There are 2 protein chains.
Amino acid sequence: MDKNAPVSRLTSFPDGPLELKLQVFLPLSEAEKSLLADLQRTRVDCRPGVELMREGEPIAKVMIVTEGWAIRHRDLSDGRRQIINFVLPGDFVGVQSLLFAQSDHSVSALTKVKAAHFEPDRIIELFAQFPRLAAALSWCTTREESIIAERVASIGRRSAYERMAHLFLELLYRLRTVKSAPGKSFKLPVTQEVLADVLGLSIVHVNRTLRRLRQEGLIELDGGRIVIPDLAALEKTADFEKHFLHAGPPPRRVERQLEALENGAVLT
Amino acid sequence: MDKNAPVSRLTSFPDGPLELKLQVFLPLSEAEKSLLADLQRTRVDCRPGVELMREGEPIAKVMIVTEGWAIRHRDLSDGRRQIINFVLPGDFVGVQSLLFAQSDHSVSALTKVKAAHFEPDRIIELFAQFPRLAAALSWCTTREESIIAERVASIGRRSAYERMAHLFLELLYRLRTVKSAPGKSFKLPVTQEVLADVLGLSIVHVNRTLRRLRQEGLIELDGGRIVIPDLAALEKTADFEKHFLHAGPPPRRVERQLEALENGAVLT
DNA sequence: CGAAAAGTTGATCTACATCAACGTGCGTGG
DNA sequence: CCACGCACGTTGATGTAGATCAACTTTTCG
């Protein structure tokens, strides 16, 4: 903490990825931001490959990833693996701890991961005292479901080519909202095996599909970075509809109710 | 309403599918049940094929299906369709209305559907006044996500044969919790086309896979009913892990907090 | 009864998997 | 500094699960 920094209040910090993401949904007050800062006080660093959570085991903590990539995955008993979703900066891990006795999937760090963690109980606290944050948190989890639902559609009905294009677009947009994708490119810290396991393909086929996308000029790869030179073109080949990312504020009706809450009103 | 029925209180009713499902997670008090009954007062009937909700449009109401089957589905622009999940008795439709300005998927009735519906605002009310119900509702939505995540794993990594076996098991267990599957069989009111669209397969291949499951004695079909003579055998061929159905109470820790709430305590 | 929807079956095709070999970069230990 | 090993990427040959096409049967239902 830099005591000499010119801040309007001691509590104000530059927004982290979580704050950036939540503010797509609703603006945060200083009080809310400082609660979030407090939730994120305890931090951990994980090396690549570390399991943040394992299928079948109880969930001890809720985590918020602040840097790096992780994956939620299911491992079948014969070794086949399916990645359900990427966990990017600003994403939660283990919010289910409140409701589920055991986890039904594992979460593993793909890169070095920096994360914050806190006791599940604090979410109950948050629901009682910060209803707007509670709404924002629910928005996160519901959005996560939408992303997974779109993945079902992708794997079930799109060709490998379309599917991969769609994934890159999803990642671009998700990373943009947490300011991790400047312009038309982003760092893609994954092996082809990881891509295969998200997309439900074999490694070899991922390699060839990647090459085809490159040859068609739809993507450029260069040392762990991917560039999407023509967004519209890629969206067309993926049949990309951004509905599922819900990158907008809540419906007016709800916005009004949330404003009321902001002004200290308590629901009767 | 039968006024002569011997009831302990006027408010007590036989539990509907929603109540049955929620009580897997936690026991409901009379007050909570009567709130649920009140939420379900306004009812609609839908013919097969009716769209309860359409992708891209705002979500007007929250619905609870009490009878019949529906599907959540994504339709790609060229006509391909992927069914994300079945909506069974006791399931919600449109809980996202609070958080999302538009729906990112459609919901269509597969059979005749009886449903209740209410204003989204009432959920906010519920969160403020009935925290235990709020927890139970969150449990429902999180469980829905788990089911979809398992579907990603199925479509991405299981063969058509395993996948279909897995689906039938999922349905059996889900229907059992709402008392719609007596014993080892249940009514399966779907065409092979519908099966194809959940499983990400072609109709023809569904037909053949179905036949194979029948020939192996793993399932029996007869006029819209499916029988699973040997549950263990089917579970083995599907590599079925029931984790994802979360058919148990919350962790102890949380259970204690919820009990406190039941006794009228208010979180400070 | 007739027409449409659903189911069934065979023939053929193809997107993707599997197998196998080889290239390439890189970190570790001698 | 080299060399070895290992993870990752690339490419060709071949195999196969599942798609597509097409015809026919059975069921459903107005």
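All chains are named by letter (A, B, ...) in the order of the sequence lines, taking the proteins before the strands, and each is independently numbered beginning at 1. The structure presented is a predicted model; accordingly, all values stated were derived computationally and were not measured.
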Answer with base, sugar-phosphate or nothing: what part of the nucleic acid does B:G224 contact at a heavy-atom distance below 4.0 Å?
nothing
Can you measure B:L199 atom CG to D:dA19 atom P for me and round it to whole angstrom units?
10 Å
Among the nucleotides C:dA17, D:dT10, C:dT9, which one has an atom lying closest to any side-chain atom of A:H205?
C:dA17
For the pair made of CG in B:L221 and C1' in C:dG7, what is the distance, rounded to whole Å?
12 Å
Decide if the gap between the ring center of B:Y161 and the ring center of B:H205 is smaller than 6.0 angstrom.
no
Got more than 12 heavy atoms from elsewhere within 6.0 Å of CZ, B:R176?
yes
More than 12 non-hydrogen atoms from neighbouring residues, nucleotides or ligands closer than 6.0 Å to CZ on A:R54, yes or no?
no
When rounded to whole Å, the CG to P distance for the pair A:L201 and D:dG18 reads 14 Å
Base of C:dG10 paired with side chain of B:R208 (donor-acceptor, under 3.5 Å):
yes
For the side chain of B:V204, starting at C-beta, report the closest nucleotide among C:dA17, D:dA22, C:dG7.
D:dA22
Just how far, in rounded Å, is C1' of C:dA17 from CZ of B:R157?
10 Å
Contact class for B:T209 vs. all strands (heavy atom < 4.0 Å): base, sugar-phosphate, or nothing?
nothing
Report the distance from atom CZ of A:R212 to atom C1' of C:dA15, rounded to the nearest whole Å.
10 Å
If the cut-off is 4.0 Å, is B:N207 near the phosphate of C:dG7, judged by side-chain N/O to OP1 or OP2?
no
Check the distance between D:dG18's C1' and B:L195's CG and give it to me in whole angstrom.
16 Å
Can you tell me which nucleotide in C:dT9, C:dC16, D:dG18 comes closest to the side chain of B:R163?
D:dG18
Whole-Å distance, B:K112 NZ to D:dC29 P, equals 13 Å
Rounded to the nearest Å, what distance is computed from the CZ atom of residue A:R81 to the C1' atom of nucleotide C:dA17?
18 Å
At under 4.0 Å between heavy atoms, what does A:G200 touch on the DNA or RNA strands: base, sugar-phosphate, or nothing?
sugar-phosphate
Flag, side chain of A:D230 to backbone of A:A233, donor-acceptor distance under 3.5 Å
yes
N/O (side chain, B:Q192) to phosphate O (OP1/OP2, C:dA5) under 4.0 Å:
no
From the candidates C:dC16, D:dT20, C:dA6, the one with an atom nearest any side-chain atom of B:S202 is D:dT20
So does B:D75 pair up with B:R80, basic N to acidic O under 4.0 Å?
no
